[in-house]
Protein chains: 2
Amino acid sequence: MEDQKKRILLVEDDPNFGTVLKDYLMMNDYEVTHAKNGMEGFEKFKKDDFDLCILDVMMPYKDGFTLAKEIREKNTDVPIIFLTAKTMKEDVLRGYKVGADDYLNKPFDSEVLLMKIKAIIQRKATETISDSKQFEFKIGGFDLNSKLRFLRFKGGEPVKLSPKENELLRLLALHENDLMPRELALTKIWRDDNYFTSRSMDVYIAKLRKYLKLDEKVEILNIHGEGFRLVINT
Amino acid sequence: MEDQKKRILLVEDDPNFGTVLKDYLMMNDYEVTHAKNGMEGFEKFKKDDFDLCILDVMMPYKDGFTLAKEIREKNTDVPIIFLTAKTMKEDVLRGYKVGADDYLNKPFDSEVLLMKIKAIIQRKATETISDSKQFEFKIGGFDLNSKLRFLRFKGGEPVKLSPKENELLRLLALHENDLMPRELALTKIWRDDNYFTSRSMDVYIAKLRKYLKLDEKVEILNIHGEGFRLVINT
DNA sequence: CGCTCCTTTTAACCTTACATTAACAAAAAT
DNA sequence: ATTTTTGTTAATGTAAGGTTAAAAGGAGCG
């Protein structure tokens, strides 16, 4: 695909273990940035683009989950692997909630880690074909700037969108005229699929419809039991 | 959401463990087919469409890996999770080689398994890009879009179809001008063949006929005791 | 701290959509 | 002629979605 080395952000407070792991990964052709704690990890994350984050869960000042949440706010796509000291169920579940792609129990087998890294990066690579950095959309008479979170109608005054409004409208726009499955929004935006998140989503659909009323050619249709469809009538 | 329970193929030779696991999964709203060995597993796999396969590695006659290879030959997409008795590195690596999506060491935590299942099925759902052509049919003067569940006559206003209406019309269209056996619709759509589902189907046939009246060249004929036939007269 | 403002969730109430079942008529088979 | 199958409409019960308002969180700030 490309001979570009994949970049990994490794956040691990144990200096010995961290260094060993870093060297091992570098030996296997990854470019590794090693941060010694959560704070530093977040700083480095913001500075660079990474293909994968490996986060230790147990760290002073800022644990892996908190860091993951912050990372997820900036980037919903980057794969995250957690390192946990032992099999703690709570950890695992919590990890999935913040959008972990996998987790590993220390001590773990290094070859297994390599396989996981390969599998995950490859997976994301195939997924990302369509998810290419798209933040600006034309929706009928509207312009949505999803990075700056505003929606403007016919060059008028832009209206600010809340994070959830923005993400939801963006997902709909990505699937313009096509089905945007309920499940997709719930897992991608709410990271949980239950009765309440589902109702919450309905509330946001109502809000978006209110914004979009300005252009009667634009509407959000429901497909019962499946999801929603943003249609632009011509 | 009722008629789209996710279907899991569970292949596990230990009858106790297998039954417990099956029950647990069913309690969590999955439809589970339990095969007691690799052979049976493959047979069942060929007969049905599954959303996920959970394979025990250690089985007599045909181990999980061999089965996985056979499954992969028929279907490159279906997610596979392996159950291994203990952390055996070779197993894990071999599993990834045949395209495993994940693996679990027995004994494992059931909640963790559930989370993994959820994560994997959802991942696949988002990956699966629109295989559109499968869902669009021309029926005389009508266009049926089976994914978005609408039926349009001569470019007019599309009418929305309910899930059952949609599935039934799609099945009929797939057998255009040919017999669509009653039993086929009942097993594929209603997943059950009895007096009531059969009457329910008749009700839906009536509904479809009403929609299709717009084009007098299109009709649904009954073949007494056999099924229905969607004919397009020229 | 407590107080804003903004966002998100939860609750409440109402409407629409769906699937099933019942009921009765008509057609076909025996 | 009578039993079985199909045609059709209507009634029923439940689930999903639409909408608004109130409650709960959360970040920033005096």
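Every chain is numbered from 1 and lettered A, B, ... according to where its sequence line falls, protein lines coming before strand lines. Predicted, not measured: the structure shown is a model, and the values here were computed from it.
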Self-check item: Under 4.0 angstrom between A:Trp190 side-chain N/O and C:dT8 OP1 or OP2
Solution: no
Quiz item: Quick one: B:Tyr204 OH to D:dT6 C1', roughly how many Å, whole number?
Solution: 17 Å
Self-check item: Rounded distance in Å - NZ (A:Lys69) to C1' (C:dT8)
Solution: 12 Å
Quiz item: Between C:dA17 and B:Arg149, is there an OP1 or OP2 to side-chain N/O distance shorter than 4.0 Å?
Solution: no
Exercise. Under 4.0 Å between any heavy atoms, over every strand shown, what does B:Lys210 touch: base, sugar-phosphate, or nothing? Just pick one.
Key: sugar-phosphate
Quiz item: Just how far, in rounded Å, is C1' of C:dC18 from CD1 of A:Ile223?
Solution: 15 Å
Exercise. Ignoring backbone atoms, test whether A:Lys207 places a side-chain nitrogen or oxygen under 4.0 Å from the OP1 or OP2 oxygen of D:dG18.
Key: no
Exercise. Using whole Å, report how far CG of B:Asn166 lies from P of C:dA19.
Key: 10 Å
Practice problem: Go through D:dA10, C:dA19, D:dG18 for me and flag the one nearest to the B:Val203 side chain. | Solution: D:dA10
Quiz item: Does the separation of the ring centres of A:Phe142 and A:Phe137 fall below 6.0 angstrom?
Solution: no
Exercise. Looking only at non-hydrogen atoms, find the nearest pair between A:Arg170 and A:Ser146 and report the distance.
Key: CD-OG, 2.9 Å
Self-check item: N/O donor-acceptor pair under 3.5 Å between A:Asp215 side chain and A:Gly141 backbone
Solution: yes
Practice problem: Would you kindly give the CD-to-C1' distance between B:Glu167 and C:dA19, to the nearest whole Å? | Solution: 14 Å
Self-check item: Atom-pair distance (NE2 on A:His224; C1' on D:dT14), nearest Å
Solution: 10 Å
Quiz item: Please give, in whole Å, the distance from C:dA28 P to B:Glu226 CD?
Solution: 15 Å
Quiz item: In residues 192-202 of chain B, which ones come under 4.0 Å of DNA chain C, going by heavy atoms?
Solution: B:Phe196, B:Arg199, B:Ser200
Self-check item: Atom-pair distance (OH on B:Tyr211; C1' on D:dT9), nearest Å
Solution: 14 Å
Quiz item: Do other residues, nucleotides or ligands put more than 12 heavy atoms under 6.0 Å from A:Lys147 NZ?
Solution: no
Quiz item: Is it the case that more than 12 heavy atoms not belonging to B:Asp49 sit under 6.0 Å from its CG atom?
Solution: no
Self-check item: salt bridge (Lys or Arg N to Asp or Glu O under 4.0 Å) partner of B:Glu31, chosen from B:Lys6, B:Lys22, B:Arg191
Solution: B:Arg191
Quiz prompt | Pairs satisfying salt bridge (Lys or Arg N to Asp or Glu O under 4.0 Å), at least one member in residues 172-189 of chain B, at least two apart | solution = B:Arg182-B:Asp202
